[in-house]
Every structure is written in structure tokens, then in C-alpha cells.
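See below for the structure under consideration.
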Amino acid sequence: MGSEFNRRDAIKRAMAIGVVAIPSASLLSACATSSGGDKNKPVATGTKSAANPLAVKNGAPLEAFVFKGGFGDDYIKAAEAEYNKTYGVTVKHTGTQAIGPKLQPRFANNTPPDFMDNSGADNLDTAALAKEGKLLDLTPLLDAATIDDPSKKVRDVLIAGTVEQGQYGSQAMYALNYAFTVYGSWYSNKLFQAKGWTYPKTFDEMIALGAKTKAAGVALFTYPGKYPYYVHFDLFAQIGKVGGKDVLNAIDDLEDGAFKVDAVKQVVGYYEELAAKKYFLAGSEGKTHIQMQTDWTKGKAALVADGSWVENEAAPTMPKDFDLAVGPLVGGGDSDKLPFGTLYAAAGEPFIVAANGKNPSGGMELLRIMLAKKQTDNFTNTIKSLTCVSGSAEGLTLTPGLASASAALKTAGANVLNARIQDWYVKLNQETIGNLTAQLLTGQINADKWIEGAQKASDATKKDSSVPKFKHV
């Protein structure tokens, strides 16, 4: 798995699974050797004003330690240049792909940098750091005025779900996830138009589309059988669309019987039917995500469940006229709790500020600068990714996939879902339930067995005292 995540991090992706660290025993033990930090450490504090709402001290040193992966770190350096000009310093900048190995000892010794981009395969466990009191609560940043419009607070301009993505069982936000990933069923608009296919709205319409694609010699879906949790990008969010956010939250919260409700039965039954009708590309069970994407871009399958990073990740094999588009979640129809147009989307690329750093106000201020339009425009134009700022891509020339994702987000409005089981309980989602999904898609088990197994695994995780637990607030 390590090489797999490195490959994914090397290509401009953001979100959810790319920014989640599997809990590290070494980090937890290191953090456990020290308590809240050195209370006598001098903290730089300036004078609060309308122009300086976070009370940054002019001339105080600031250290930034950032992941230099697929996104690079030039966009952070651009924001640092603004910080330098405003506060009369030169930010000490370190770019690396080894965030965890280099910063674990510094957290253990209470000498962390102020500002960190905690991403990559070797990132720190954000949840563990938050539990240990090592991270600054970023609520003051959320309540600060934006640089572009002082009448608006930072929290007012963030896309729905961004704040929640940085929360770990309380109202405190410990990570600002800067990039924004849209998930869904991705397809070639050129292919659909050429074949006269229409993206469906319901499970029944998707099944009917499968008959049409099969007749044309094209599989309806392909998936990476070596990483079957990709299917969960659609599956879990579809449970939320059909049954409502409370049903999805119950799964995240490991509630008793959360998998035994009608919404789960309806969604998983849909996947059982897809498998029974052989609407998945033969051989998908042995594919990696790159092989899946290659089959798809070559026209062997009509749809893949993926994130918006796919535009860059599949670029080597994607025809120039592919006309990439993303479809929102399909569901049961009018009986669904949420309307057609509902999306699974999540903020990613988590930025954190050390609770016991020397300049925490400066760390938050650098994030405030990054949220200004000048910086979000630079990020989207150079990285080809959306940011967590609502409407920040408007007026920019976007690639087809990015334009489709942006339009889908705008249509979704507040109807944005994010299954936290995927980052709160990584092993449960990717390995245990992922294995059940792999069996479901190959017809080895039916929907009832999947539900039975998922509930049993959820119950086991709930009882496992070694696994940190989180709940929606």
C-alpha cells in the first residue's frame, strides 16, 4: 500500500483518502511521552486590529513545514511572500515528502514548527495529534475577517463541509483542508453524446443504461479490485442520499444496527444487481486504480467512481477530446431524502498549526492569506484543483473535469455529503468493508451478507479500545 499512496500523492490529488493517515503507533507513543507542551515557551502576540484580526506580531519569526508532493509547494511560497511583505519577516520554509518522520520527534520534544501542510503517505495522524492537545483550535481563524471582504468571516466563505472535515468529535477545528475534491461517477461526455446516452438519476435508470452500454460492447462500470474502497466514494454517499444525513452519520458514529436500515439495503441491493447483470468490466477485480482508469479512458467502461484528481491522474491515457464530466449521486428516486444533484465532496490537503508553536497567530494568518482570492486563483490556475473557498473558481478558465466539478458543487449547494467512516476508521472502511465490497461486486456474496459483515465489523471496531472513536456533533 505504501507505494500505492506514494503514486497517488505524486499526482495532484486532494481529499479524503489522500490526506488521511492510518494511526501510527510510533506517533502515539511519542506524543504520549509529553503532555500539553512547554507552558513557559514565549509566544509571539501582536496588537489586534481590523487589518490584523489575529493579532500577529510584526517581525516575529514563522516556520512553515509543508508537504511537497503533487501540488508542489510554490503556491504556499506565494502566500508566504505576502506574509513576509506584511509582517516584515522571511518565513522559514521547508518542503518535504517526509512530514511524519521529520516532525514526530519535534512534536515529542515540544519544538514543532508553527505551520504545517500535513499531507502525503508519511503524514502525521491528525486525529491523534488533536486528541493529544498538540494542535491549535483554528476557531479564531474561522471567526476572523476575510482579506477580500472584511464584512465576511472566514467561515462564511468556506464550502459546506470544510469546517466539519477538520473536526474530531467536537466543535473545535484542528485542520483547514485547503483543496476540495468532488467525487462521483466520471464519464466521457463525448462518448455519451456519440452513443446518445444520458447520465441517469436513479438506480433503475442506471440499470437501464447498463443494458445499453453492454449492447454497445462497453461495460457500465469498472473499478480497482485491488482497492475496492473506491466504490465507497459512491456507495456510502448514496446511502446518505437515500436515507438522509442522519443515516450516514449513524454509520460514521458506529451506532448499533446502523447498517441494517432500509437505505443501506436499497443501495447495497443495487450493487448486487449490477454484479448479477455483469455490468462491471470483466477483470476489474484484479486491477489497480491506474489500470482501472486506463481501461475507462480507452472506452472499455462508461463510468468510474473516482475523485476529481482523476483528470490529472488519468491524463497520460485520456484523449484530448475526452470531455471529462462528473455525474452526481444516483438514488432511489422521489423517495430519497436528498434530491438529485446531491454530491459527495470533501476538503483535503490539511493544514495545521501547532498549539505550542512560537507563533500560532502567524500560522493562522498565513492560512488567512491563502484563502484570499489572489492565492486561490493562483492555486487553481497552476495546480488545476478547486479550493475550499466557495465560488473561488468563478471567472477562471477551467479544464473540462474541473469545470464539471465546479458546476456540480454549485448545483449541490448545501446538499454535500461526506462519509467520515472513510477517514475516521480507515482500516474498517478500506480493508474490512472493502473486502466485503470486493466479494459483492464479483457475486461471491449477496447484499444481505455484505450488510451482516459490515455491521459485525462496525460493532467490533466500536468495542476495540485501541481505536480512537469520534462522533458527529
Contact summary for Cys388 and Leu371, nearest pair of heavy atoms:
SG-CD2, 3.8 Å
Ignoring hydrogens and geometry, is there a side-chain-to-backbone donor-acceptor pair from Ser406 to Leu402 under 3.5 Å?
no
Heavy-atom donor-acceptor pair, Asn52 side chain to Val56 backbone, under 3.5 Å:
yes
Phe379: what forms a ring-ring contact (aromatic ring centres under 6.0 Å, His included) with it, not counting sequence neighbours?
Phe71, Tyr75, Tyr178
Quick check: closest heavy atoms across Leu329 and Ala237, and the distance to 0.1 Å?
CD1-CB, 3.5 Å
With rounding to the nearest 0.5 Å, note down the distance linking CD1 in Ile383 to OG1 in Thr380.
9.0 Å
How close do Pro350 and Ala175 get, counting heavy atoms only, and between which atoms?
CB-CB, 4.1 Å
Looking at Lys471 and Asp253, is there a salt bridge between them, counting it only when a charged N and a carboxylate O are closer than 4.0 Å?
no
Ion pair check, Asp377 and Lys373, cut-off under 4.0 Å
yes
Going by atom types alone, do Gln430 and Tyr425 pair a side-chain donor with an acceptor below 3.5 Å?
no
Under 6.0 Å between ring centres, would you say that holds for Tyr199 and Tyr187?
yes
Sequence neighbours left out, what pairs pass side-chain hydrogen bond (donor to acceptor under 3.5 Å, both in side chains) with at least one residue falling in residues 388-403?
Glu311-Thr399, Thr387-Ser392
Does Trp186 use its side chain to pair, donor to acceptor, with the backbone of Asp306 at less than 3.5 Å?
yes
For the side chain of Ser458 and the backbone of Ala454, is there at least one donor-acceptor N/O pair under 3.5 Å apart?
no
Audit row: Thr126, Leu129, side chain to side chain contact (heavy atoms under 4.5 Å, CB included) steps and yes/no:
CA-CA 5 Å; Thr126 306; Leu129 289 173; 5.7 Å; no
Between Asn118 and Leu124, is there a donor-acceptor pair closer than 3.5 Å when you use the side chain of the first and the backbone of the second?
yes
Residue set satisfying ring-ring contact (aromatic ring centres under 6.0 Å, His included) with Tyr223, at least two apart, ordered chain then number -> Phe280
Verify, without hydrogens or angle tests, whether Ser361 (side chain) and Leu54 (backbone) share a donor-acceptor contact under 3.5 angstrom.
yes
I want to check something: taking the side chain as every heavy atom from C-beta on, are Asp74 and Thr382 in contact at a cut-off of under 4.5 Å?
no
Mind listing the closest non-hydrogen atom pair of Ser284 and Thr222 along with its distance?
OG-OG1, 2.9 Å
Taken in chain and number order and not counting sequence neighbours, the residues that satisfy side chain to side chain donor-acceptor pair (under 3.5 Å) with Lys287 are Asp295
Would you say that Ile76 contacts Phe351 through its side chain, given a criterion of any heavy-atom pair below 4.5 Å between the two side chains?
yes
His93 side chain to Glu80 side chain, donor-acceptor N/O pair below 3.5 angstrom:
yes
Measure centre to centre between the rings of Phe233 and Tyr230, then say whether the value is under 6.0 Å.
yes
Parallel, tilted or perpendicular: which fits the ring planes of Trp424 and His472, with parallel below 30° and perpendicular above 60°?
tilted
Side chains of Leu417 and Leu343 in contact at under 4.5 Å (non-hydrogen atoms):
no
With ring centroids as reference points, do Phe65 and Phe115 lie under 6.0 angstrom apart?
no
With no hydrogens and no angle check, is any side-chain donor or acceptor of Lys469 less than 3.5 Å from a backbone partner on Val467?
yes
Do you know the tightest heavy-atom contact between Asp114 and Pro61?
OD2-O, 4.3 Å
Atom pair CG (Asn58) and OG1 (Thr47), whose distance is rounded to the nearest 0.5 Å
10.0 Å
What residues form a side chain to side chain donor-acceptor pair (under 3.5 Å) with Glu365, not counting sequence neighbours?
Tyr87, Arg368
Kindly indicate whether the side chain of Asn177, heavy atoms from C-beta on, has any atom under 4.5 Å from the side chain of Glu349.
no
Flag, side chain of Asp336 to backbone of Pro339, donor-acceptor distance under 3.5 Å
no
Side chains of Asp137 and Thr139: any donor to acceptor distance under 3.5 Å?
yes
Do Val304 and Ser185 come within less than 4.5 Å of each other through their side chains, counting heavy atoms only?
no
Asp423 vs Arg420, salt bridge (Lys or Arg N to Asp or Glu O under 4.0 Å): CA-CA, chis, key distance, verdict
CA-CA 5 Å; Asp423 61 309; Arg420 299 306 300 274; 3.0 Å; yes
Is it the case that the side chain of Thr86 and the backbone of Tyr83 share a donor-acceptor pair, with hydrogens and angles ignored and the cut-off at 3.5 Å?
no
Using a 4.5 Å cut-off on heavy atoms from C-beta on, say whether the side chain of Ser308 contacts that of Val326.
no
Non-neighbouring partners of Trp296 that pass ring-ring contact (aromatic ring centres under 6.0 Å, His included), sequence neighbours left out
Phe322
Smallest heavy-atom separation, Ala325 atom then Ser404 atom, equals CA-OG, 3.5 Å
Without hydrogens or angle criteria, can the side chains of Ser466 and Asp464 be said to hold a donor-acceptor pair below 3.5 Å?
yes
Answer yes if the side chains of Asn418 and Glu164 hold a donor-acceptor pair under 3.5 Å, and no otherwise.
no
Using side chain to side chain contact (heavy atoms under 4.5 Å, CB included), reason through Phe340 and Thr411 one step at a time and then give a plain yes or no.
CA-CA 10 Å; Phe340 181 71; Thr411 298; over 6 Å; no
Taking the side chain as everything from C-beta on, heavy atoms only, tell me whether Thr94 gets closer than 4.5 Å to Val66.
no
Check this for me: Lys245, atom NZ, are more than 12 non-hydrogen atoms of other residues, nucleotides or ligands nearer than 6.0 Å?
yes
If you draw a 6.0 Å radius around NZ in Lys77, do more than 12 non-hydrogen atoms from other residues or ligands fall strictly inside?
yes
Glu82 and Lys374: CA distance, side-chain angles, deciding distance, salt bridge (Lys or Arg N to Asp or Glu O under 4.0 Å) verdict
CA-CA 10 Å; Glu82 291 291 321; Lys374 178 180 179 181; 2.6 Å; yes
Rounded to the nearest 0.5 Å, what's the gap from NZ on Lys337 to OG1 on Thr342? Could you check?
13.5 Å
Side chain to side chain contact (heavy atoms under 4.5 Å, CB included) assessment of Leu138 paired with Met364:
CA-CA 7 Å; Leu138 301 178; Met364 287 193 291; 3.8 Å; yes
Assess whether side chain to side chain contact (heavy atoms under 4.5 Å, CB included) is satisfied between Tyr229 and Ile433, documenting all intermediate values.
CA-CA 8 Å; Tyr229 57 84; Ile433 299 179; over 6 Å; no
Mind checking the CE-CD1 spacing from Met370 to Ile147? Nearest 0.5 Å is all I need.
11.5 Å
If only atom types and distance count, is the side chain of Asp156 paired as donor or acceptor with the main-chain N or O of Lys153 below 3.5 Å?
yes
Contact check, side chains of Lys68 and Thr96, non-hydrogen atoms, under 4.5 Å
no
Under 3.5 Å, is there a donor-acceptor pair linking the side chains of Asp149 and Ser151?
yes
